[in-house]
Enquirer: 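My structure is below; once you've seen it, I'll send some questions.
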Amino acid sequence: MKPELTLHERTLKLTRYPVRKNETLQAWDAADEYLINHTQEMELDPKRPILIMNDSFGALSCWFSQNCKVTSVTDSFITKKGSIANLEANQLPHVKIVDCLADLPDNPQLVLLKLPKNNRLLTWQLQQLCNLLPKDCKVIGAAKAKDIHTSTLKLFEKFLGETKTSLAVKKARLVFCEPDSALAKPLPAPQQWDVPEHNLTMTNHANVFSSDSLDIGARLLLDNIPQDGKYTEIIDLGCGNGIIGLKAAQLNPHANVTCVDESYMAVASCKANAKLNLETPEQLTAMVANCLEDVQHNSADLILCNPPFHQQAAITDHIAWQMFCDSKQVLKGKGQLIVIGNRHLGYDEKLSRLFGNVSVIAQNNKFVVYQSGK
Ligand SMILES: C[S@@+](CC[C@H](N)C(=O)[O-])C[C@H]1O[C@@H](n2cnc3c(N)ncnc32)[C@H](O)[C@@H]1O
């Protein structure tokens with residue numbers, strides 16, 4: 001795997017975050033290269049902001065930070081950490097990094113928008129831009145050509161303005177959009193739905209996992225959360241909207257519950273859901289982190305986890321593995337990790353290798369709930 005991006009006689013050394021031995025995935029893609037090449041001849045005002053939305057590991061922030069006033073907008077803590085590490089490694093000036101729910105700087109001259117996988121997030125960001133952008137601001141989207149559908153372009157037309165696309169280069173394509181303030185509307189409220197069988201009402205910002213309904217895996221895990229006075233510290237790892245942590249808090253009212261996710265929108269939703277659903281919302285704390293990197297070792301009695309199986313666009317089980325390894329360190333002696341997984345993912349083999357024990361506590365034709373003890 002090549003860690004160096006060389007374009008226009010300039011080289012950046014770029015790594016993904018966290019850095020892994022024998023990494024096989026690159027920290028940038030052909031859409032980043034296309035954006036850099038396309039903007040190379042543009043005359044940019046060094047004092048007027050440019051917005052970089054959904055950068056992966058900071059390749060675009062690194063490229064533009066040298067000569068431009070960059071604000072990077074991301075829903076991902078991993079992107080934030082990766083961008084900071086890459087800026088430092090290349091001795092580049094810091095850029096402002098804000099989450100997707102934050103106010104954006106006024107009067108940007110250029111928006112570089114890496115298209116997110118999730119159309120709900122794209123819609124939200126287009127509406128946010130439509131409320132903000134001056135008419136002369138250039139908006140350039142970029143993605144793999146196979147991920148830009150007619151429906152994607154219709155979202156641009158509906159929520160931001162007139163839209164055209166480029167030819168494909170190295171299987172990537174650009175999207176050009178002219179902001180039209182006549183299309184501006186108030187930003188939509190987060191999605192809300194009830195789970196009456198568990199007496200929960202869930203509110204979800206745009207980029208939250210399974211934001212329009214209860215995930216079928218989460219449903220099986222919800223039915224298998226233990227209730228026991230021995231649990232005083234419980235963690236919901238990869239919490240999304242916090243549904244698992246909320247149920248654990250309801251079943252174990254004397255326990256402190258910590259919900260952890262790398263998505264800012266997930267953590268914001270989780271905090272809102274604690275207020276909506278818990279008699280004592282302070283029972284639940286929600287934090288943005290990469291797995292349990294920042295959590296004290298030997299501190300938790302029970303960790304509940306519905307792991308992700310992709311990082312940004314890449315399908316991978318390395319996050320699940322990091323979650324299991326971190327859990328082992330963060331659990332107290334005799335603490336328990338409960339994991340839900342699609343049957344074909346084979347988490348039992350990983351858990352058994354790491355903990356030396358694994359048992360099945362529930363299953364259906366698609367999912368299995370495993371338990372390992374420290
Ligand atoms: C399968 S979803 C589970 C969401 C929720 N717990 C549920 O059951 O509906 C996995 C979650 O892990 C989060 N995630 C992905 N990578 C992470 C990481 N490195 N650290 C913490 N959370 C992460 C995702 O943002 C997502 O919310």
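Values in this document were obtained by computation on a predicted structure and should not be read as measured data.
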Enquirer: Using the ring-ring contact (aromatic ring centres under 6.0 Å, His included) rule, pick out the option among Trp321, Phe367, Phe324, Tyr370 that qualifies with Tyr347.
Expert: Phe324
Enquirer: If I take atom NE2 from residue His94 and atom OG from residue Ser72, how far apart are they, to the nearest 0.5 angstrom?
Expert: 13.0 Å
Enquirer: So with a 6.0 Å cut-off around CG of Asp212, is the heavy-atom count from everything else above 12?
Expert: yes
Enquirer: State the CG-CG distance between Leu129 and Leu104, to the nearest 0.5 angstrom.
Expert: 7.0 Å
Enquirer: Quick one: CG on Leu174 to CG on Leu115, what's the gap to the nearest 0.5 Å?
Expert: 9.5 Å
Enquirer: Judged by atom type as modelled, is there a donor-acceptor pair below 3.5 Å linking the side chain of Asp261 to the main-chain atoms of Cys239?
Expert: yes
Enquirer: Regarding Asp55 and Ser61, is there a side-chain donor-to-acceptor distance under 3.5 Å anywhere?
Expert: yes
Enquirer: Parallel, tilted or perpendicular for His38 and Phe176, by the 30°/60° rule?
Expert: tilted
Enquirer: Quick check for you: to the nearest 0.5 Å, what is the distance between Gln127 atom CD and Cys130 atom SG?
Expert: 8.5 Å
Enquirer: For Glu157, does the CD atom have more than 12 heavy-atom neighbours from other residues, nucleotides or ligands under 6.0 Å away?
Expert: yes
Enquirer: Might you work through the side chain to side chain donor-acceptor pair (under 3.5 Å) test for Glu262 and Asn290, ending with a clear yes or no?
Expert: CA-CA 6 Å; Glu262 76 99 21; Asn290 172 32; over 6 Å; no
Enquirer: Check whether any side-chain N or O of Thr39 sits under 3.5 Å from a backbone N or O of Asn37 as a donor-acceptor pair, and report yes or no.
Expert: no
Enquirer: In this structure, are over 12 heavy atoms from other groups packed under 6.0 Å from Lys185 atom NZ?
Expert: yes
Enquirer: Do Leu220 and Phe209 share a hydrophobic cluster (ILVMFWY, side-chain heavy atoms under 4.5 Å, transitive)?
Expert: no
Enquirer: Salt bridge or not between Asp147 and Lys117? Use side-chain N to carboxylate O under 4.0 Å.
Expert: yes
Enquirer: About how many Å separate CG of Asp29 and NZ of Lys171, when rounded to the nearest 0.5 Å?
Expert: 13.0 Å
Enquirer: For residues Gln250 and Asn199, is any side-chain donor paired with an opposing acceptor at under 3.5 Å?
Expert: no
Enquirer: Distance from Ser166 atom OG to Arg173 atom CZ, nearest 0.5 Å?
Expert: 6.0 Å
Enquirer: With no hydrogens and no angle check, is any side-chain donor or acceptor of Gln26 less than 3.5 Å from a backbone partner on Leu14?
Expert: no
Enquirer: Do Asn241 and Asn204 have side-chain N/O donor and acceptor atoms under 3.5 Å apart?
Expert: yes
